[in-house]
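Being a predicted model, the structure only gives us computed values, none of them experimental.
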Amino acid sequence: MLDHVDRDMSLEGHKLLITGPWRVPPPPAQIAHIQARFPKLVIEVREKLWTRLVDSGQEEDQEKLWKDVTILVTQGELPDAAQAPRLQYVQLWTAGAEQVVNKPAFKDTRITFCTANGVHGPPVAEWVMTTFLAWQQKIPTYLQLQRRGNWNRLDEISDDSVDKRVGILGYGSIGRQVARVAKALGMDVYAYTLHARPTPESRRDDSYVPPGLGDPEGTLPSQWFSGRSTEHLHRFLGSGLDLLVVAIPLTCATRGLIAQAELNVLRKSRTFVANISRGSVLNTNDLVQALNDGVIGGAALDVTDPEPLVDGHPLWTSKNVIITPHISGVSAAYGKRVMDILELNLERLSRGKKLKNVVRREAGY
């Protein structure tokens, strides 16, 4: 919870520290725009937080660094609570918060933490549909034939996506953008959420989303599934899915959620499984077995367990699998979108409003 909220639109008295490391840095022009919008906000940008040295060659005074910081943008590196007594709001570069939930600055304070939820929707949705379409159109096999200079048509005829069904396990910002793209291809959408969403109000999502994208009103799914039990999950998995998109956060409850029993439920439809969540949500050994035995039609994995995937791991040579090194959410627009969330939340902070994308301490995401 935010304490001593400053309702001065200039954000006088606040200091913002933006720190990496980052693969796609925040655009300088956008930082300048934020500075112009909040002229009394002090802004400092550092690519590496802990390695900057003063002229003497000694590590800089941490007390001096942190004493005035009220807002921090970070991958997950945090000061001790005592080091940053004025810190109110932490904006994470990531959609998940598992890297901070066990740190004292999260557990033992009332600092508001916000994720980059919504930033990843467009590139991840494109990755999901790219890999699914590549599988349907036999593109990996045709690429192998191309490398051999072999002009042969496969006996098995490719299919298109019209009237296929995608089941989205975890209907957050990424799942909602997947639904938007899938609907454009003529697919039916089923959604699964932990809690029931029986009303139009309950199906809305107030998280950040790039303008005009996603499914903020929750109108795209033709059916919603929910529940905590294995029975509820299996009812969803057994609903005739051509594509299963795993898009849930990694928690104690979701670790190993998709294992042999769940993969067997997908057998009837020979579902294609796309995991853009965390590798540990799927039981790797069971997944390898399901791929090689033809229990599921195939899989696209942007995340694995272990990660990075080690040399010689059986996943590399499993049947009908596409593996990428955790890159589906990376886009040239990443830094800009995180700064969009930051700017939106700075405005809300200045007006005393609740921030967007707040991490719920009881849930860990």
Side-chain angles (χ1 to χ4, degrees), residues 23-24 120-168 174 177-189 241-247 258 263 266-279 282 284-334:
R23 294 186 66 182
V24 184
H120 308 75
V124 173
E126 291 176 15
W127 182 94
V128 167
M129 300 314 301
T130 295
T131 54
F132 177 63
L133 295 175
W135 171 72
Q136 283 204 128
Q137 299 297 328
K138 321 301 180 195
I139 298 300
T141 301
Y142 281 118
L143 287 175
Q144 293 175 2
L145 293 173
Q146 174 191 330
R147 293 187 189 101
R148 297 198 295 264
N150 191 335
W151 182 280
N152 278 336
R153 291 179 177 176
L154 301 178
D155 291 335
E156 185 180 359
I157 298 175
S158 300
D159 205 351
D160 58 46
S161 297
V162 177
D163 295 328
K164 296 293 187 295
R165 179 172 296 150
V166 54
I168 303 174
I174 289 174
Q177 181 62 13
V178 170
R180 185 181 184 90
V181 177
K183 290 292 284 188
L185 292 172
M187 298 181 74
D188 188 21
V189 175
L241 306 180
D242 298 286
L243 168 62
L244 170 66
V245 180
V246 181
I258 306 298
L263 294 166
L266 301 174
R267 182 190 294 269
K268 183 176 181 181
S269 298
R270 295 198 71 245
T271 306
F272 186 85
V273 178
N275 187 13
I276 47 79
S277 171
R278 292 293 184 266
L282 272 66
T284 300
N285 292 335
D286 293 346
L287 177 62
V288 169
Q289 191 72 43
L291 285 165
N292 290 335
D293 291 349
V295 172
I296 58 177
L301 310 173
D302 189 49
V303 289
T304 59
D305 181 25
E307 186 174 312
L309 196 58
V310 297
D311 291 347
H313 194 284
L315 258 180
W316 287 119
T317 54
S318 295
K319 296 179 181 178
N320 295 320
V321 64
I322 299 172
I323 300 173
T324 56
H326 208 150
I327 49 79
S328 68
V330 180
S331 163
Y334 194 105

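Between the CG atom of L282 and the CG atom of D305 there is a distance of 9.5 Å, given to the nearest 0.5 Å. Going from atom CG of L309 over to atom OG1 of T284 covers 8.0 Å, rounded to the nearest 0.5 Å. With values rounded to the nearest 0.5 angstrom, T131 atom OG1 is found 12.0 Å from I323 atom CD1. To the nearest 0.5 angstrom, I174 atom CD1 is 11.0 Å from W127 atom CH2.
Across I276 and A247, no two heavy atoms sit closer than the pair CD1-CB, 3.7 Å. V288 approaches S318 most closely through the heavy-atom pair CG1-OG, 3.6 Å. Across P140 and A134, no two heavy atoms sit closer than the pair CD-O, 3.4 Å. The minimum heavy-atom distance between M129 and L243, with the atom names listed, is SD-CD2, 4.3 Å. Listed here is the closest heavy atom pair of V189 and A182: CG2-CB, 4.5 Å.
Take H326 and apply the side chain to side chain donor-acceptor pair (under 3.5 Å) test, not counting sequence neighbours, and it matches E307. Residues satisfying the side-chain contact (heavy atoms from CB on, under 4.5 Å) criterion with A125, sequence neighbours excluded, are Q177, V178, V181. Shown here are the side-chain contact (heavy atoms from CB on, under 4.5 Å) partners of V295, two or more places apart in sequence or in another chain: N264, R267, A290, D293. For D159, the side-chain contact (heavy atoms from CB on, under 4.5 Å) partners at least two apart in sequence or on another chain are Q136, K164.
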Solution key, residues 147-155 side-chain donor-acceptor pairs under 3.5 Å, sequence neighbours excluded:
from: N150; atom 1: OD1; to: N152; atom 2: ND2; distance (Å): 2.6

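Here the side chain of S161 pairs no donor or acceptor atom with the backbone of M187 at under 3.5 angstrom. Within the 3.5 Å criterion, the main-chain N or O of G297 finds a donor-acceptor partner in the side chain of W135. In this structure, the side chain of D302 engages the main chain of I327 through a donor-acceptor pair within 3.5 Å. Checking side-chain atoms of S331 against main-chain N and O of A333 turns up a donor-acceptor pair under 3.5 Å. Side-chain N or O atoms of D242 include one that pairs as donor or acceptor with a backbone N or O of R165 at under 3.5 Å.
Side-chain atoms of L244 and I296, non-hydrogen and from C-beta on, never get closer than 4.5 Å to each other. With a 4.5 Å cut-off on side-chain heavy atoms, D188 and D163 do not count as touching.
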Just do the side-chain contact (heavy atoms from CB on, under 4.5 Å) check on S328 and V124 with the steps written out, would you?
-> CA-CA 5 Å; S328 68; V124 173; 3.6 Å; yes

Residue pair L291, L315: steps toward the side-chain contact (heavy atoms from CB on, under 4.5 Å) verdict | CA-CA 9 Å; L291 285 165; L315 258 180; 4.2 Å; yes

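Within the structure, every pair that satisfies the salt bridge (charged side-chain N to carboxylate O under 4.0 Å, His left out) test and touches residues 121-143, not counting sequence neighbours, is listed here: K138-E156.
Using a 30° and 60° split on the angle between ring planes, H120 and Y334 fall in the perpendicular class, above 60°.
The side-chain contact (heavy atoms from CB on, under 4.5 Å) test with V128 is passed by exactly one of N275, V246, V245: V245.
More than 12 heavy atoms of other shown residues, nucleotides or ligands fall within 6.0 angstrom of atom CG in L143.
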